[in-house]
Amino acid sequence: MVAVGTDGDGIACAQLDAEGTVLRRESIDRVALSGLARTAVDVRWVWSDTAHWYPSLLDAGVRVRRCRDLRLCHAILRDSTLVAEPAAVRAARAWDVAAEVDSGAAPPALFAIAESAGEAAPPHDLDEVLAELARQRDAVASAAERGRLELLCAAESAGALVAAEMRAAGLPWDVAAHERILEDVLGRRPAGGGMPEHMTALAAEIRRHLGDAQASLDSPAKLLRSLHRIGVQAESTSRWELRRFEHPVIAPLLEYKRQSRLLVANGWAWLDEWVHDGRFRPVYVPAGVVTGRWASSGGGALQIPRLLREAVRADDGWTFVVADVAQLEPRVLAGMSSDAALARAAFGRDLYAGIVDSGAVATRAEAKVAMLGAMYGATTGESGRLVPRLRRAYPRAMKLVDDAARTGELGGVVSTWLGRSCPPASEGWQRAQRQAAGETGSAMDRDRARRAAGDRGRFTRNFVVQGTAAEWALAWLGEVRSRLESLGSVGAGETAPRSGPAMADRAHLAFFLHDELIVHTPVRQADAAAAIVREAAASAGRLLFGGFAIDFPLDLKIAPTAAKE
DNA sequence: GGAACTAGCGCG
DNA sequence: AAAGCGCGCTAGTTCC
């Protein structure tokens, strides 16, 4: 291990043995740091924050193999109920910082390590880095399931490397294809920044039906009043609500909303702002979601509409491996609960078909809403009605989510398979429960408290499943990343220079979204990359669930665009 | 003129 | 045909 941090005005490195004892410490300049990282390939780097240190190394053309991201691991260990002695980690409040929210306007300059003023950041000082590393080692050592926490910290740190690398590489984006889609759907781009052709025509038609040439279509409150005036008594202007009414205004209005959404979220302005030199480079925020899922900041990376997937196009001579896991969450639930019956239904491609085959429900559609209902906490409607059938068919799996919900309703904390714990009930939540339970609690207080308890129960019910699915995905991602490394580089004539100096010479991850990933690969490495993606999925399953036999089949294709056929 | 809010809809 | 989890983003609105 080599820890790196600031030291006065400069940078210093400390070489550590396996126990974390400092063997050597020396000042180092930034060029020498990237030189060291380039040559010392087997080192695990210990640093405050991957988002702070790694981009400049990538800009210098250097990948690192392994790291420990102290900021991310701090958050895990601070909150995990597996840690028996969390006091020291919890006391180190300087590490309680969320990810830097970089607007992403420009990649950080080479070796620019100064924080922008006022931006929260973890301590980068080497002495403090070493102190935090020691605290974290002690915390893990005190844990009941130390292997799980170690695995989680390693996977989380590997994910942080992937996030920085994917931003450096970017997602190959075909601007012309995107513009073709915009013109197909929206019509010609307005010259002076006005409304596109098709939207203009739809707006005129809608206003004619509304009998008001000035009607506002973009303000929900005003639009609702206009609809009421012509007898459409909708309660909101949402798509689901509007669909219930039969009136000639509805169809053009729904189409207008669809187009407006595309224009506003991913129109020409989005292209100008977010796609440069044939790459979309969003900021990924590992563990940005409370469950451990990634978030993103800027560009809406996690909300790219399916319609635009065909604008995701590989470089010349390169192609994609596009893969996603079918029904990840129920599979993970089977693994966590060792529910052999659910695991049996999960063998093969389609878990929902497996549930139907087991006789628990009659149709695939029923299996799906029932399973989602079980994991989200549905109580009413078709979904709520079907959940009891799953309870009979898969009692172990259902007990796990039901127990998580019960714990949450009572104000307790639940944890994922590898030990990420959910936040405790807020002060306001507990106050509401006390208020309702007390002598003076009114019916309204009790109602409010019951609702809050239910909300928290559904949150904790879903937390264990969503969070463990995020852990499986991190393990998959990390395995893909390290196995791609072994593919070796391609010749100078075959590189993808727009992917950045550190990523251009071989197959690399280009996109990740909860349960799917895209590898951008030279055509001649595509088959090998696809095999790696499959092997990594199997490996992730073994890593989390050991000998328990649960399948994680992939939908995988090798194709130059990300469009789903 | 900006912060904080809601509505609505995209993704899993 | 829609209630049940987690997000980010934009525009409109409200409030200071």
Contact under 4.0 Å: A:S296 side-chain N or O vs C:dC7 OP1/OP2: no
Pair A:W476 and A:F552, ring centroids less than 6.0 Å apart: no
Strand partner of C:dC16, provided both Watson-Crick or wobble distances fall under 3.5 Å: B:dG1
Ion pair A:R406/A:D403, N-O distance below 4.0 Å: no
Electrostatic pair A:E197-A:R189, nearest N-O below 4.0 angstrom: no
Between C1' of C:dG4 and CG of A:D402, the distance in whole Å: 14 Å
Pairing nucleotide - C:dG4, Watson-Crick or G-U, each distance under 3.5 Å: none
Distance, rounded to the nearest Å, where A:R385 contributes CZ and C:dA2 contributes P: 15 Å
Letter per nucleotide, 5' to 3', of nucleotides 6-12 of chain B [B base touched, S only sugar-phosphate touched, - untouched; heavy atoms, 4.0 Å]: -SBBBSB
Separation of atom CG in A:L386 from atom P in C:dG4, rounded to whole Å: 15 Å
Protein-nucleotide distance (A:R225, atom CZ; C:dG12, atom C1'), rounded to Å: 12 Å
Distance below 4.0 Å between A:T379 side-chain N/O and C:dG4 OP1 or OP2: yes
Nearest-nucleotide pick for A:V264, side chain only, options being C:dC7, C:dA11, C:dA3: C:dA11
Nucleotide N/O of nucleotides 14-16 of chain C paired with protein N/O under 3.5 Å:
none

Length of the line joining A:E235:CD and C:dA2:P, which is rounded to integer Å: 12 Å
Nearest-angstrom distance from the residue atom CG of A:N266 to P of C:dC9: 11 Å
Atom of A:K222, atom of A:S216 and distance for their closest heavy-atom approach: CD-CB, 3.9 Å
Minimum heavy-atom distance between A:R71 and A:P122, given as atom pair plus value: CD-CG, 3.9 Å
Listed partners of A:S539 passing side chain to side chain contact (heavy atoms under 4.5 Å, CB included), at least two apart: A:E479, A:R483, A:R542
Distance, rounded to the nearest Å, where A:D218 contributes CG and C:dT10 contributes C1': 11 Å
Spacing of A:L328 atom CG relative to C:dG6 atom P, expressed in whole Å: 18 Å
